[in-house]
Amino acid sequence: MPEKDIDNSLNNPKCHAYEMIDDNNEILGGAIVEINDNDVNHLDFLFVRVGIQSKGIGEAIWKEVDNIYSNTRLWKTCTPYFDKRNIHFYVNKLKFKIVEYFNEKHPDSKMLEDIFEEDNGMFEFEKEMNE
């Protein structure tokens, strides 16, 4: 992810960052979430350290975020259209649904202007809680 996107989230007063660490204080992964005044929140980033994916760490991070913000009615997130690993994770593991595809012909005003260079696009996902 572009560092400026991470910085934007970390500098947003509505955002909260979390790390998952092991017994040796090594970071396994983490998440940044935007918590709003209503019951609709946004998962800005969920990451697992390279080399240790596919071991349930991402699901454990999500479970903890979900427990912390159990009053959330709807979670939203997005990922690039080409990131098959992320799409699989959100749709098949966490049961998010794809609700929109943003691209140069259908931009999202909240996204950075340069996101659609070279025919890039983003899927937006939503997850209704307590379904």
Side-chain angles (χ1 to χ4, degrees):
M1 294 303 295
E3 195 169 322
K4 64 182 176 182
D5 292 349
I6 296 168
D7 288 342
N8 284 340
S9 288
L10 290 173
N11 291 319
N12 179 342
K14 292 183 177 183
C15 284
H16 304 271
Y18 299 92
E19 294 175 336
M20 176 180 270
I21 59 171
D22 65 12
D23 293 336
N24 298 318
N25 274 343
E26 291 191 39
I27 297 172
L28 302 175
I32 302 173
V33 294
E34 181 179 329
I35 304 304
N36 298 292
D37 293 332
N38 56 25
D39 55 358
V40 178
N41 295 316
H42 193 271
L43 175 62
D44 284 7
F45 298 97
L46 192 152
F47 67 94
V48 175
R49 191 176 77 218
V50 173
I52 59 171
Q53 296 99 336
S54 301
K55 298 183 185 304
I57 295 168
E59 289 174 270
I61 292 168
W62 171 252
K63 184 177 180 182
E64 189 61 30
V65 167
D66 185 32
N67 285 336
I68 292 169
Y69 300 103
S70 60
N71 290 334
T72 300
R73 178 186 57 81
L74 179 71
W75 279 102
K76 293 183 172 209
T77 195
C78 60
T79 200
Y81 80 97
F82 58 81
D83 199 331
K84 293 177 186 177
R85 180 183 210 90
N86 283 1
I87 295 166
H88 164 74
F89 177 71
Y90 289 122
V91 172
N92 298 324
K93 296 288 184 177
L94 301 186
K95 305 303 182 196
F96 276 76
K97 293 182 172 67
I98 297 172
V99 295
E100 200 153 6
Y101 175 60
F102 296 111
N103 57 69
E104 61 188 10
K105 295 184 181 186
H106 182 69
D108 179 358
S109 61
K110 298 179 298 266
M111 290 185 182
L112 301 175
E113 294 173 10
D114 60 352
I115 193 91
F116 300 119
E117 290 177 2
E118 301 176 18
D119 194 33
N120 288 333
M122 298 284 279
F123 283 114
E124 182 175 52
F125 301 86
E126 291 182 353
K127 181 173 181 162
E128 289 275 347
M129 303 310 289
N130 302 320
E131 283 190 332

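Both backbone and side-chain heavy atoms feed into the values below; hydrogens, waters and symmetry mates do not.
The distance from atom CD of Glu3 to atom CG of Asp7, rounded to the nearest 0.5 Å, is 5.0 Å. Here the CD-SG distance, from Glu124 to Cys78, works out to 7.0 Å after rounding to the nearest 0.5 Å. In this structure, NE2 in His42 is found 8.5 Å from OG in Ser9, a value given to the nearest 0.5 Å. Note: Asp44 CG to Thr77 OG1 = 7.0 Å, rounded to the nearest 0.5 Å. Put simply, CD1 on Ile61 and CG on Leu43 are 10.0 Å apart, with the number rounded to the nearest 0.5 Å. Remark: Asp66 CG to Leu94 CG distance equals 9.5 Å, nearest 0.5 Å.
Glu126 has a carboxylate O that lies under 4.0 Å from a charged side-chain N of Lys76, or vice versa, which qualifies the two as a salt bridge. Contact check on Lys97 versus Glu128 returns no salt bridge, with no Lys/Arg side-chain nitrogen under 4.0 Å from an Asp/Glu carboxylate oxygen.
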Does the pair Cys15 and Leu10 meet the rule for a side chain to side chain contact (heavy atoms under 4.5 Å, CB included), with working shown?
-> CA-CA 6 Å; Cys15 284; Leu10 290 173; over 6 Å; no
Test Arg73 against Val40 for side chain to side chain contact (heavy atoms under 4.5 Å, CB included), laying out the working first.
-> CA-CA 6 Å; Arg73 178 186 57 81; Val40 178; 3.2 Å; yes
Applying side-chain hydrogen bond (donor to acceptor under 3.5 Å, both in side chains), run through Asp39 and Thr72 and close with a yes or a no.
-> CA-CA 5 Å; Asp39 55 358; Thr72 300; over 6 Å; no
Taking it one step at a time, do Glu59 and Ile57 satisfy side chain to side chain contact (heavy atoms under 4.5 Å, CB included)?
-> CA-CA 5 Å; Glu59 289 174 270; Ile57 295 168; over 6 Å; no
Would you please test Tyr18 and Glu64 for side chain to side chain contact (heavy atoms under 4.5 Å, CB included) and show each step?
-> CA-CA 10 Å; Tyr18 299 92; Glu64 189 61 30; over 6 Å; no
Checking ring pair (Phe, Tyr, Trp, His ring centres under 6.0 Å) for the pair Tyr81/Phe123: CA distance, chi angles, key distance, verdict?
-> CA-CA 6 Å; Tyr81 80 97; Phe123 283 114; 7.3 Å; no
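Clustering ILVMFWY residues whenever any of their side-chain heavy atoms sit less than 4.5 angstrom apart, transitively, puts Phe47 in a cluster other than the one holding Val91. Under the 4.5 Å side-chain heavy-atom criterion for grouping Ile, Leu, Val, Met, Phe, Trp and Tyr, Leu46 is not connected to Ile27 through any hydrophobic cluster. At a threshold of 4.5 Å between side-chain heavy atoms, the hydrophobic network of Ile, Leu, Val, Met, Phe, Trp and Tyr places Ile68 and Leu74 in two separate groups.
Residue-environment remark: CD1 (Ile52) exceeds the threshold of 12 foreign heavy atoms within 6.0 Å. Heavy-atom neighbours of Asp23 CG from other residues, nucleotides or ligands within 6.0 Å: at or below the threshold of 12.
Ring geometry for Phe96 versus Phe125: interplanar angle over 60°, hence perpendicular rather than tilted (30 to 60°).
Closest non-hydrogen pair, Ala17 versus Ile32, comes out as CB-CG1, 4.1 Å. Glu26 and Arg49 make their closest contact through OE1-NH1, 3.7 Å (heavy atoms, listed as atom of the first residue, atom of the second, distance).
Residues Tyr90 and Trp75 keep their aromatic ring centres 6.0 Å or farther apart.
Although no hydrogens or angles enter the test, the distance criterion places a donor-acceptor pair under 3.5 Å between the side chain of Gln53 and the main chain of Gly51. When atom types are taken as modelled, the side chain of Asn12 and the backbone of Lys14 share a donor-acceptor pair closer than 3.5 angstrom. Here the side chain of Asn67 pairs a donor or acceptor atom with the backbone of Lys63 at under 3.5 angstrom. In this structure, Thr79 contributes its side chain and Ile87 its backbone to no donor-acceptor pair below 3.5 Å.
Contacts of Phe89 classified as ring-ring contact (aromatic ring centres under 6.0 Å, His included), with partners at least two apart in sequence or in another chain: none.
Residues Phe45 and Val33 form no side-chain contact, since every pair of their non-hydrogen atoms from C-beta on lies 4.5 Å or further apart.
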